[in-house]
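Note sheet for the following structure.
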Amino acid sequence: ATGQATAALAPNFQRARELNAVINAVAVAVPKHPIDKVISQGRDRYAVVAGKCTVIARIVGLPAKPGVVGPRQFEVELDKPDCD
């Protein structure tokens, strides 16, 4: 029996998935402020500016299930918003 496997995403599409997840997480965390800027601060770390708030977001990779091939699984962790 042949199962269908989803290949890992090309780096630009994986980054797009991660950035969308970061933006959505910050939008929920600081709903009163629109997001103005996302700044890469190295591997898997972003500073997100939303109005007078800055939020540090980290992409945390999740372990792959044995025998499953596909795009990187992750979750977004946010520091407490720093609002002026």
Side-chain angles (χ1 to χ4, degrees):
T2 305
Q4 182 178 359
T6 304
L9 292 176
N12 56 327
F13 288 105
Q14 181 67 37
R15 176 67 59 92
R17 274 183 75 224
E18 294 170 359
L19 287 173
N20 280 322
V22 165
I23 290 167
N24 287 331
V26 173
V28 169
V30 288
K32 294 180 182 180
H33 303 286
I35 294 171
D36 299 307
K37 190 183 310 189
V38 179
I39 306 162
S40 176
Q41 294 191 316
R43 181 172 170 82
D44 293 338
R45 180 184 160 104
Y46 299 92
V48 182
V49 178
K52 296 181 179 184
C53 299
T54 300
V55 183
I56 301 301
R58 291 178 187 77
I59 300 293
V60 178
L62 300 174
K65 294 179 182 174
V68 176
V69 178
R72 177 184 183 201
Q73 299 301 305
F74 63 89
E75 62 185 22
V76 177
E77 291 183 356
L78 301 178
D79 286 359
K80 181 179 176 187
D82 180 13
C83 300
D84 292 336

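Ala21 approaches Phe74 most closely through the heavy-atom pair CB-CE1, 3.6 Å. Heavy-atom minimum distance, Ile23 versus Ile35: O-CD1, 3.4 Å.
Atom CD of Gln14 sits about 10.5 Å away from atom CG of Leu19, to the nearest 0.5 Å. Once rounded to the nearest 0.5 Å, the distance linking CD1 of Ile56 with CG of Asp82 reads 9.0 Å. Here Cys83 contributes atom SG and Lys32 contributes atom NZ; the two are 10.0 Å apart, rounded to the nearest 0.5 Å.
Of the possible donor and acceptor atoms, one in the side chain of Asp36 sits under 3.5 Å from a partner among the backbone N and O of Gly51.
A continuous path of ILVMFWY side-chain contacts below 4.5 Å connects Val22 to Leu78, so both sit in one hydrophobic cluster. Placement of Val38 and Val26 within a single hydrophobic cluster is found when ILVMFWY residues are connected by side-chain heavy-atom separations under 4.5 Å, directly or transitively.
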- Task: Test side chain to side chain contact (heavy atoms under 4.5 Å, CB included) on Val49 and His33 and set out the steps.
- Result: CA-CA 9 Å; Val49 178; His33 303 286; over 6 Å; no

- Message: Pair Ile59, Val76 - check side chain to side chain contact (heavy atoms under 4.5 Å, CB included), show working.
- Response: CA-CA 5 Å; Ile59 300 293; Val76 177; 3.9 Å; yes

- Message: Could you go through Arg72 and Glu18, starting from their C-alpha distance and side-chain angles, then the distance that decides it, and tell me whether this counts as side chain to side chain contact (heavy atoms under 4.5 Å, CB included)?
- Response: CA-CA 10 Å; Arg72 177 184 183 201; Glu18 294 170 359; 3.2 Å; yes

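Applying the 6.0 Å contact sphere to CZ of Arg17 captures more than 12 heavy atoms from other residues, nucleotides or ligands.
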